[in-house]
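Counting starts at 1 for both ligands and their atoms, following the listed order. In this chain, residues are counted from 1 in sequence order.
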Amino acid sequence: MSDVVLEVKDLAKRFTLVELERLLELKPSAVVKRVEAVRKVSLTVPTGQVYGFLGPNGAGKTTTMKMCMDLIQPTSGTIQIFGSTPSDPSIKQRIGYLPEHPYFYDYLRPQEILDYFGRLFGIGATERMRRIDELLSRVGLQHARNRSLRKFSKGMLQRLGVASALINDPDLIVLDEPLSGLDPMGRKAIRDIIIEERAKGKTIFFSSHILSDIEHLCDRVAIVVNGVVKREGELSSLLQSDTRTSEMLLRNVSEEALTLINAHSTSATDMGSSTWKAVVPQSEMSKLLIQLLQCGAIVDELQPHQDSLEELFVRVSAEGSAVC
Ligand SMILES: Nc1ncnc2c1ncn2[C@@H]1O[C@H](COP(=O)(O)OP(=O)(O)O)[C@@H](O)[C@H]1O
Ligand SMILES: [Mg+2]
């Protein structure tokens with residue numbers, strides 16, 4: 001088995017919108033508007049990992065995923081899935097996909113929907129029934145298996161969407177915002193499924209806005225802003241390589257020392273009893289340390305300050321404005 005399931009290189013997608021009124025009036029000079037939804041996206045999704053695709057609203061995540069799923073065609077760039085192209089029918093059997101807005105006929109019931117998808121994949125009746133039971137239980141919908149979908153909440157439909165993405169026991173699971181619209185129990189159920197699937201050796205590629213979930217689940221992430229991937233790689237090394245500050249805990253901080261701290265730190269927190277915690281850029285550190293010691297401050301702790309994913313996300317997002 002190859003080490004990489006999905007490889008995307010320099011992907012771009014431009015939508016061309018022609019003003020409808022002009023078209024209907026059949027004017028020759030129809031107004032054409034171009035939307036650069038994806039400008040430059042490159043990703044490497046290794047086998048057996050959980051890959052998080054993050055970015056602000058309108059950054060191009062859904063458009064990228066749709067191109068990977070062969071639902072829309074790229075303007076330029078290449079996509080390789082399982083060493084083939086997204087349009088290759090033989091690889092579709094190995095992929096499960098949850099769209100951003102899953103749609104089901106609302107007169108059907110979960111049991112019927114999953115049975116229908118199972119049949120599309122050519123799964124035999126006994127195995128279909130076994131998988132439907134198992135999946136309904138994993139997404140917490142067994143009690144509603146025979147309830148028609150018009151009585152379902154958004155969160156329940158989302159759970160069903162995840163179950164239908166898994167009916168073919170796919171090797172690559174692509175989930176567009178799987179945690180949206182879910183209550184805490186629903187989020188936990190989907191997080192558990194992602195972890196269980198990775199333990200089985202499956203690859204999960206998902207987008208989300210919920211950074212704490214990404215931080216706990218993902219081995220690798222890409223941050224896309226305004227159609228461009230700004231950071232891509234192992235989560236731990238991204239958080240590490242963006243570390244440019246140290247955190248110091250200081251005692252015996254005089255007025256004079258506090259003025260220095262405020263002038264040179266990016267944040268300073270009063271811990272009480274003349275003790276302060278300060279986050280200081282690496283470039284300022286040596287100079288500040290010498291001056292603080294001269295003022296009689298005592299350094300109790302000094303350690304590299306590792307970014308949280310939220311800090312990294314906010315900083316990277318600010319580097320390029322999103323089209324919302
Ligand atoms: N079918 C479309 N036609 C025109 N513009 C589109 C279409 N789909 C998406 N867009 C635009 O492309 C940009 C990226 O959208 P999308 O991929 O949905 O972002 P995300 O999933 O990151 O929120 C947005 O500006 C959006 O309005
Ligand atoms: Mg989206």
- Do I298 and L250 share a hydrophobic cluster (ILVMFWY, side-chain heavy atoms under 4.5 Å, transitive)? no

Contact (N/O only, under 3.5 Å) between [X] and ligand 1:
X: V35; result: no
X: T64; result: no
X: T62; result: yes
X: G58; result: yes

- Contact flag E100/the Mg ion (ligand 2), N/O/S atoms, threshold under 2.8 Å: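 An N, O or S atom of E100 is closer than 2.8 Å to the Mg ion (ligand 2), so yes.
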
- Flag M65 as yes if one of its N/O/S atoms falls below 2.8 Å of the Mg ion (ligand 2), otherwise no.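 Checking the Mg ion (ligand 2) against M65, no N, O or S atom falls under 2.8 Å.
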
- Message: What's the separation between atom CZ in F206 and atom CG in L217, rounded to the nearest 0.5 Å?
- Response: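 Separation between the atoms: 5.0 Å.
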
- Query: Do the side chains of E215 and S308 get nearer than 4.5 Å, heavy atoms only?
  - Reply: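 Contact flag for S308/E215 side chains = yes.
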
- Taking C-beta and beyond as the side chain, do R138 and D192 meet within less than 4.5 Å on heavy atoms?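 No, side chains not in contact.
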
- Message: Which of the numbered atoms in ligand 1 are under 4.0 angstrom from any heavy atom belonging to N57?
- Response: 23 (O)

- Task: Can you sort out which atoms of ligand 1 are near P56, meaning under 4.0 Å from one of its heavy atoms?
- Result: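 Near P56, meaning under 4.0 Å from one of its heavy atoms, ligand 1 has 22 (O).
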
- Consider ligand 1: state whether an atom of it lies below 4.0 angstrom from any non-hydrogen atom of G60.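 G60: in contact with ligand 1 (<4.0 Å).
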
- Taking the six-membered ring of F82 as reference, does the NZ or CZ atom of R94 fall below 6.0 Å from its centre and within a 45° cone about the axis? yes

- Plane angle bin for Y107 and Y105 - parallel if under 30°, tilted between 30 and 60°, otherwise perpendicular: parallel

- Task: Step through the shown structure and confirm whether more than 12 heavy atoms of other residues, nucleotides or ligands are within 6.0 Å of CZ on F104.
- Result: yes

